[in-house]
Amino acid sequence: MEVDKVQNTDIDLNEDITYLLDYPYFVLSNKINGTVFKREVLEIEKYYKTYKKGARFFTEGSAGDYVPSQVRFKNIKTLINKEARFMFSQAPDINIQGTTVEDVEKEQIEQLQILVDNVLERNHFQKLLLQSAKDCFIGKRIACLVDFSEESGVLLHFYNSKQFYYEKEYGSEKIIRFVGFENIEEGENNNRKYLINDYRLENGTVYMSLILYDKSGNMLQEVISDTATELDRIPVSIIFNTGTLDDKRGVSEVSDLWDEEALYSKMSNGDVDSVRKGMNPIRYVVDMNSQTTKKLSSGAGAFWDLKSEQNQNEVHPSVGTLAPALNHTEPTKAILERIKTDMYGQLEIPNISEETMVGTITSGKALKALYYPLQVRCDEKMITWKPCLVDIVRNIIEIALLNVDIVKGIYPLVDLQEIQYNVVIQEHYALAEDEQEEKATDLSEIASNTRSRKSYMKKWRPELTEEQINEELLQIAMELNMLNTQVQTELNNVSTQYEVDKNKEDVETEQKVEKQTTEKNSDVEEI
């Protein structure tokens with residue numbers, strides 16, 4: 001094995017050992033019985049290390065003559081970030097809908113909507129959702145635990161796959177054990193503290209405890225002792241990055257791209273080493289006196305005073321350099337582009353750059369067509385994500401209903417009662433749209449009474465608050481009423497004037513008839 005390979009391997013081994021020493025193994029020994037999770041911990045950590053630092057690769061060809069380039073390219077990180085941003089850079093709409101049209105239910109639905117909106121906003125849900133999507137694609141799965149605090153209200157705890165353990169009931173999707181652990185104090189390894197959330201379901205009752213440990217597993221504080229709750233299920237949702245039916249614990253997208261990124265880095269670094277060799281070519285002399293070729297300067301404008309070898313009968317003195325021809329540059333570029341295109345293709349992400357966009361893409365529709373495969377891929381993922389997001393919302397409402405008095409003091413609620421409701425999730429992908437065309441479509445829906453003016457203003461004027469939108473709608477209604485009143489008044493005036501003119505004509509006609517009749521009668525009498 002070459003020296004650089006040994007050094008590279010030693011560095012990675014040291015990083016793995018450091019991680020293993022830093023991991024809170026007391027959680028595995030004290031709280032967890034499963035062996036699958038214990039075997040999976042190091043595998044998942046390697047996925048995260050590859051995401052952050054790039055795939056490991058071995059250089060070749062140096063033979064100890066020079067230090068080869070060992071730059072790890074991070075194409076996997078770029079692709080996973082692109083995919084997560086496309087899905088959740090624009091947060092999905094979460095709406096609570098009632099099952100009837102009664103006024104009392106409408107009021108309660110509005111209260112539930114206010115509750116959910118406030119909980120999600122205070123817990124920075126949009127940011128956590130985007131971050132957890134990346135974790136899910138890297139580490140196979142993530143979990144969201146809904147908790148409650150008398151001071152802060154309903155809390156959301158997101159865990160990556162290295163931070164929680166779960167057990168399911170045999171033959172069912174019901175979770176009967178959940179252990180979440182998070183480092184709450186960054187710093188030196190010896191000073192780290194871990195907060196352990198332990199939930200278990202026994203005989204239809206959920207028991208939970210919350211304990212603070214140090215790195216060695218010594219209990220520092222029993223925040224909440226083992227307590228029976230009023231819940232009938234553990235308030236946690238586990239979201240898997242699904243694959244085939246055999247991948248019951250999720251799949252990592254890093255594993256699919258690992259080999260391609262390693263090859264990409266290896267080829268790129270080999271190309272860099274070739275350029276470096278060309279920048280520092282080998283210099284040679286033929287039939288020159290060795291005393292005059294020592295310590296020759298290679299600086300700009302250097303002067304060499306050389307003498308040929310005098311002890312030979314026939315000499316052909318010469319000086320020259322050996323540099324690679326770099327004939328491999330174009331083939332290497334083609335290979336790197338092919339590898340990159342394959343990596344983009346595996347995640348259905350269009351490989352778009354400024355060069356490829358010049359003169360080809362002119363509208364949002366064209367971009368939308370390019371991103372259609374990625375949209376289909378995200379739709380497939382949302383089949384798994386949507387029910388879990390609905391479950392998170394239901395956990396929020398269920399825990400709030402168990403603590404109504406405290407919740408009403410924390411959130412702007414008037415009343416909170418248990419009713420039947422539905423949760424609707426509407427995703428919003430980061431697609432380039434023709435804004436004017438979309439506005440025209442929305443306005444046509446308003447004209448055909450299939451969309452409300454309020455929803456239009458919420459969509460296109462997000463800077464307005466609920467009260468400001470209501471004021472705008474009231475002003476619009478008043479203006480429409482004034483316009484209709486003016487039009488009606490004008491129509492009434494026109495109608496009245498028409499009646500007056502018509503009556504006037506009738507009177508004049510009658511007067512003419514009477515006059516003619518009178519004159520005619522007078523003539524008859526004279527005769």
Side-chain angles (χ1 to χ4, degrees), residues 1-2 4-5 7-9 12 46-47 49-86 137-138 251-282 321-363 366-378 430 432:
M1 181 177 290
E2 298 180 6
D4 52 278
K5 291 185 179 180
Q7 291 176 347
N8 200 340
T9 304
D12 287 292
K46 288 181 178 180
Y47 292 148
K49 188 169 65 175
T50 301
Y51 168 81
K52 294 177 181 178
K53 297 186 177 183
R56 185 196 314 184
F57 69 97
F58 295 125
T59 58
E60 59 186 10
S62 67
D65 294 334
Y66 66 96
V67 179
S69 174
Q70 296 184 11
V71 178
R72 296 185 183 184
F73 288 81
K74 302 177 181 63
N75 292 331
I76 293 177
K77 183 176 183 178
T78 300
L79 290 172
I80 288 179
N81 288 350
K82 283 179 179 288
E83 186 178 17
R85 290 170 190 150
F86 184 82
F137 302 156
I138 299 167
V251 295
S252 172
E253 295 180 3
V254 175
S255 62
D256 295 335
L257 304 172
W258 195 322
D259 293 336
E260 284 86 347
E261 183 170 272
L263 180 58
Y264 189 93
S265 295
K266 185 175 182 178
M267 294 286 296
S268 297
N269 282 271
D271 188 44
V272 170
D273 289 338
S274 297
V275 175
R276 286 170 58 201
K277 292 176 185 178
M279 294 171 63
N280 300 281
I282 300 172
T321 60
L322 296 176
L326 299 181
N327 295 328
H328 66 282
T329 301
E330 289 302 320
T332 300
K333 182 179 179 181
I335 292 174
L336 291 176
E337 188 62 30
R338 190 190 312 164
I339 296 172
K340 191 174 182 180
T341 301
D342 180 69
M343 295 180 71
Y344 273 78
Q346 288 196 50
L347 297 190
E348 303 290 352
I349 298 175
N351 186 8
I352 295 177
S353 62
E354 293 181 0
E355 292 80 8
T356 58
M357 289 178 64
V358 173
T360 58
I361 298 176
T362 58
S363 67
L367 273 174
K368 193 172 183 179
L370 285 176
Y371 276 91
Y372 180 72
L374 179 58
Q375 183 178 352
V376 173
R377 178 182 176 87
C378 292

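When a residue number appears, it is its place in the shown sequence, counting from 1.
- Of all the heavy atoms in Ser252 and Ser255, the pair that sits closest is O-OG, 2.7 Å.
- Residues Arg377 and Gln346 come closest through the heavy atom pair NH1-O, 3.5 Å.
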Check the pair Glu260, Asp342 against side chain to side chain contact (heavy atoms under 4.5 Å, CB included), reporting the backbone distance first and the verdict last.
CA-CA 8 Å; Glu260 284 86 347; Asp342 180 69; 3.3 Å; yes
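- Residues forming a side-chain contact (heavy atoms from CB on, under 4.5 Å) with Arg338 (at least two apart in sequence, or on another chain): Ile335.
- Put simply, the side chain of Lys333 does not reach to within 4.5 Å of the side chain of Asp271, judged on heavy atoms.
- Within the 4.5 Å cutoff, no side-chain heavy atoms of Lys340 are placed close to those of Phe73.
- Shown here are the side-chain contact (heavy atoms from CB on, under 4.5 Å) partners of Lys77, two or more places apart in sequence or in another chain: Tyr51, Lys74, Asn81.
- In this structure, Trp258 and Lys46 approach most closely via the heavy-atom pair CH2-CB, 4.1 Å.
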Assess whether side chain to side chain contact (heavy atoms under 4.5 Å, CB included) is satisfied between Val71 and Ser268, documenting all intermediate values.
CA-CA 9 Å; Val71 178; Ser268 297; over 6 Å; no
Run Leu79 and Glu83 through side chain to side chain contact (heavy atoms under 4.5 Å, CB included) and show every step you take.
CA-CA 6 Å; Leu79 290 172; Glu83 186 178 17; over 6 Å; no
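- A distance of 8.0 Å separates CG in Leu336 from CG in Leu263, rounded to the nearest 0.5 Å.
- For Asn75, the side-chain contact (heavy atoms from CB on, under 4.5 Å) criterion is met by Glu261, Tyr264, Met343, not counting sequence neighbours.
- Listed here is the closest heavy atom pair of Phe57 and Ala262: CB-O, 3.6 Å.
- Residues Pro68 and Thr59 share a closest heavy-atom pair of CG-OG1, 3.6 Å.
- The side-chain contact (heavy atoms from CB on, under 4.5 Å) with Ile76 is formed by just one residue from the set Leu347, Asp256, Val254, Ile138; it is Val254.
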